[in-house]
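Notes for the one structure printed next.
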There are 2 protein chains.
Amino acid sequence: MPSTVGPLSAVKVLPEPAGLPGPLPEPAVEDLRLETVLGALSDPLRLLIVRKLLLESEQFDHPCGWFGIDRPKSSLTHHFKALREAGVTRQRQYGLERRSHVRVADLNARFPGLLDLVAAWTPDAP
Amino acid sequence: MPSTVGPLSAVKVLPEPAGLPGPLPEPAVEDLRLETVLGALSDPLRLLIVRKLLLESEQFDHPCGWFGIDRPKSSLTHHFKALREAGVTRQRQYGLERRSHVRVADLNARFPGLLDLVAAWTPDAP
DNA sequence: TCGACTGTACGAGTCTGATCGTACTGCATG
DNA sequence: CATGCAGTACGATCAGACTCGTACAGTCGA
């Protein structure tokens, strides 16, 4: 997984007209890479985040605090950014909060069945 | 991805009666972990290996040389070991060679659809 | 028995990612 | 305007992975 989104030419950069809720920079659907997405999902914490989004929301965006993860804010920022830059989630700025949801349609179009595996995943045991 | 197979209790250790072609140590089906498998598949080189095994063999084992990858032997050993320890491939010792194949049945049982994504993957572009 | 061959083990160098503290930005509400 | 809050940016630290050279082990055929 690259530290940045990748070559800037491949990134949807929406300058975002001062304060309006628009999606943060993310890879376009056609630029989603399987190895990058799998890398983003190879972390248990991020798997937990995506699974929770899939099972308990799907239609609404959620801020970081909604997940109830007991980690420092800077750690959460790191993981949410990783998910967004891999193309797994989309983030929008709603006033104070930055809310996330899974790019279900995009991921199902490019990697059908992948999200089912995430939804069926369990944090620890068999 | 752990550097070892994991807790030794969770590893199928077949003492392998002196020279007979038996599977090398690998995680049991029920011990396969999604995050570990995804981590193993998040590397382009390993994705290439698994895809080649899926598309061009499926029924037969193949030694490292068969893949025609232009890397030092020690690098290849590293990746084949990573795949085996994650439970993606099985390796058997046939005389001189150590041959690999994908654990198709096991992976389809635990993570249905995952191998289809790997088979559909392309090394570089959309 | 002596190479030739396949693959491993071990170690070093390098790099990336995970974690987290601290300081900061931006928005909202009083 | 002042305060509080959500989240980021930056930097440090640490662990793990990737890459590879070198040395070694086991097997097969001449």
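First the proteins, then the strands, lettered A, B, ... as listed; each starts at 1. These values consider heavy atoms only, across backbone and side chains, with no hydrogens, waters or symmetry-generated copies.
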With a 4.5 Å heavy-atom cut-off, do B:T89 and B:I49 have their side chains touching? no

A:H79 meets the side chain to side chain donor-acceptor pair (under 3.5 Å) criterion, sequence neighbours left out, with A:R46

Closest to the 5' end of DNA chain D, once B:K73 and B:H78 are matched to their nearest nucleotides, is B:H78

The side chain of [X] lies closest to which of these nucleotides: [options]?
X: B:R46; options: D:dC18, C:dA9, C:dA18; result: D:dC18
X: A:S74; options: C:dG21, C:dA18, C:dG7; result: C:dG21
X: A:T77; options: D:dT19, D:dT8, C:dG7; result: D:dT8
X: A:R98; options: C:dC20, C:dT19, D:dG7; result: D:dG7

Given the options A:T122, A:L41, A:L117, A:L47 meets side chain to side chain contact (heavy atoms under 4.5 Å, CB included) only with A:L41

Between [X] ([atom1]) and [N] ([atom2]), how many Å, whole number?
X: A:F80; N: D:dA6; atom1: CZ; atom2: C1'; value: 12 Å
X: B:L76; N: C:dT6; atom1: CG; atom2: P; value: 12 Å
X: B:Q91; N: C:dT6; atom1: CD; atom2: P; value: 16 Å
X: B:R84; N: C:dG7; atom1: CZ; atom2: P; value: 13 Å
X: B:F67; N: C:dT6; atom1: CZ; atom2: P; value: 15 Å
X: B:D70; N: D:dT19; atom1: CG; atom2: P; value: 13 Å
X: A:K81; N: C:dT19; atom1: NZ; atom2: P; value: 15 Å
X: B:L45; N: D:dT19; atom1: CG; atom2: C1'; value: 11 Å

Worksheet item: Does a side-chain N or O from A:H79 land closer than 4.0 Å to OP1 or OP2 of C:dT19, or not?
Response: yes

With a 4.0 Å limit, can you tell me whether B:R71 has a side-chain N or O closer than that to the phosphate oxygens OP1/OP2 of D:dC18? no

Residues at least two apart in sequence or cross-chain that pass salt bridge (charged side-chain N to carboxylate O under 4.0 Å, His left out) with B:D43, listed by chain then number, are none

| message | Under a plain distance cut-off of 3.5 Å, with no hydrogens placed, do A:Q91 and A:R98 share a side-chain donor-acceptor pair? | response | no

